[in-house]
Amino acid sequence: DNIDVYFGSSSGVYAAFNFGIKLLKSKYYMVLGVDDVFKFNKLIYIINILKETDYDLLFLGIEKSGILSQSLKIDSILSGPQGVFPSHTGGVIINRYLHEKYGLYSSDYKVLSDGYFISKCLLDKKIKFGLLGENFCMVGDVGFSKKKEFLSEYEGLQIRIKFGQSLVKSYYIFFIRSLKRLVKNLLHLLKLR
């Protein structure tokens, strides 16, 4: 009785998020991917925290590739959006009203629109946010963003520049992160041989 299923045209992941947000009846929402495993036994705990605190954003610890991500690095937004918060998928509860204030997920970004939106919210010093550091979700690591990891780095470059990071530092971060991804992928290919 608590589950509604809606269907729409296939126009990309963020268009689907925006479609869902327009249909929301609840104050808060969270996004889960088909390869994510959320610990639903902790849901009442999360609901009680939200009732007590009225956070706009509540970040949750997640596990990805066997590594627990449970920290917020708000001071590094201009070096992000990657690495600023644990994960959009399975890792953040969002107050619906933030979309009234900052708009829906942007179609300008195919991979990092979620990071762009959350970072925009965090740049507003009036936003109330918190972190529950324990592991709430095992996030899949072979999905959409993994397949588009180099596009993710390019979009990160664009977002950093949009937020006011210097061109030199933005490109430096872009090249270092892209190089790390390239080396990691090459090492993975060599292991397969």
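The shortest heavy-atom contact between Tyr55 and Tyr28 is O-OH, 2.8 Å. Gly156 and Leu112 get closest at one heavy-atom pair: N-CD1, 3.4 Å. Closest heavy-atom contact between Leu98 and Cys121: CD1-SG, 4.0 Å. For the residue pair Leu72 and Gly130, the shortest heavy atom distance occurs at CD1-O, 4.4 Å. When all heavy atoms of Pro81 and Ser119 are compared, the closest pair comes out as CB-OG, 3.5 Å. Between Gln70 and Leu131, the shortest heavy-atom distance links the atoms O-CD2, 3.2 Å.
Glu134 has a carboxylate O that lies under 4.0 Å from a charged side-chain N of Lys42, or vice versa, which qualifies the two as a salt bridge. Of the charged side-chain nitrogens involved, none lies within less than 4.0 Å of a carboxylate oxygen, so that Asp56 and Lys126 do not count as a salt-bridged pair. A salt bridge is defined here as a Lys NZ or Arg NE, NH1 or NH2 lying under 4.0 Å from an Asp or Glu carboxylate O, and Glu155 with Lys110 fails to meet this definition. The pair Lys64-Asp36 fails the salt-bridge criterion, with no side-chain N (NZ, NE, NH1 or NH2) lying under 4.0 Å from an Asp/Glu carboxylate O.
Remark: Glu52 CD to Ile47 CD1 distance equals 12.5 Å, nearest 0.5 Å. Expressed to the nearest 0.5 Å, how far CG of Asn135 lies from CE of Met138 amounts to 8.0 Å. In this structure, CG on Leu132 lies 8.5 Å from CD1 on Ile93, to the nearest 0.5 angstrom. A distance of 13.5 Å separates CG of Leu179 from NZ of Lys184, quoted to the nearest 0.5 Å. Going from atom CG of Leu60 over to atom CZ of Phe85 covers 12.0 Å, rounded to the nearest 0.5 Å. With rounding to the nearest 0.5 Å, the separation of CG in Leu57 from CG in Asp124 is 10.0 Å.
Linking ILVMFWY residues whenever their side-chain heavy atoms come closer than 4.5 Å, directly or via other members, leaves Val168 and Ile176 in distinct clusters. Cluster membership for Ile161 and Ile173, using ILVMFWY side-chain heavy atoms within less than 4.5 angstrom, is not shared. Note: the hydrophobic cluster containing Phe117 also contains Ile159 (ILVMFWY, side chain heavy atoms under 4.5 Å, direct or indirect links). Hydrophobic clustering (side-chain heavy atoms under 4.5 Å, transitive across Ile, Leu, Val, Met, Phe, Trp, Tyr) groups Val92 together with Val13. In the hydrophobic clustering of ILVMFWY residues, with side-chain heavy atoms under 4.5 Å counting as a link, Leu24 and Tyr14 come out together.
Side chain of Arg160 to backbone of Ser170: a donor-acceptor contact under 3.5 angstrom is found. The backbone N or O of Ser26 lies less than 3.5 Å from a partner atom in the side chain of Arg96, making a donor-acceptor pair. Judged purely by atom type and a 3.5 angstrom limit, Ser87 has no side-chain atom pairing as donor or acceptor with the backbone of Gly90. Side chain of Asn48 to backbone of Leu50: no donor-acceptor contact under 3.5 angstrom is found. In this structure, Glu153 contributes its side chain and Phe174 its backbone to no donor-acceptor pair below 3.5 Å.
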Checklist entry - Does the side chain to side chain donor-acceptor pair (under 3.5 Å) test come out yes or no for Asn95 and Tyr29, once each step is laid out? => result CA-CA 7 Å; Asn95 190 323; Tyr29 76 93; over 6 Å; no

Next on the checklist: Run the ring-ring contact (aromatic ring centres under 6.0 Å, His included) test on His99 and Phe17 for me, step by step, so that the C-alpha distance in whole Å, both residues' side-chain angles and the decisive distance to 0.1 Å come before the verdict.
Outcome noted: CA-CA 11 Å; His99 290 287; Phe17 289 176; 9.5 Å; no

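Each of Ile118, Ile74, Leu58 was scored for a side chain to side chain contact (heavy atoms under 4.5 Å, CB included) with Phe129, with one residue passing: Ile74. The residue from Arg181, Gln82, Arg177 that alone fulfils the side chain to side chain donor-acceptor pair (under 3.5 Å) condition with Glu149 is Arg181.
At least one side-chain heavy atom of Asp54 sits less than 4.5 Å from a side-chain heavy atom of Lys128. Put simply, the side chain of Ile127 reaches to within 4.5 Å of the side chain of Tyr102, judged on heavy atoms. You'll find the side chain of Phe38 reaches within 4.5 Å of the side chain of Leu43, heavy atoms only. Side-chain contact between Ile21 and Tyr105 is present, with heavy atoms from C-beta onward closer than 4.5 Å. Put simply, the side chain of Ser79 reaches to within 4.5 Å of the side chain of Lys169, judged on heavy atoms.
Under the side chain to side chain donor-acceptor pair (under 3.5 Å) criterion, Ser65 pairs with Asp141, not counting sequence neighbours. For Ser106, the side-chain contact (heavy atoms from CB on, under 4.5 Å) partners two or more places apart in sequence, or in a different chain, are Asp108, Tyr109, Ser113, Tyr116.
Residue Met30 places its CE atom among more than 12 non-hydrogen atoms of other residues, nucleotides or ligands, all under 6.0 Å distant. Enclosure of atom OH in Tyr97 by more than 12 non-hydrogen atoms of other residues, nucleotides or ligands within 6.0 angstrom is indicated. No more than 12 heavy atoms of other residues, nucleotides or ligands lie within 6.0 Å of NZ in Lys180, so this atom counts as exposed by the packing criterion.
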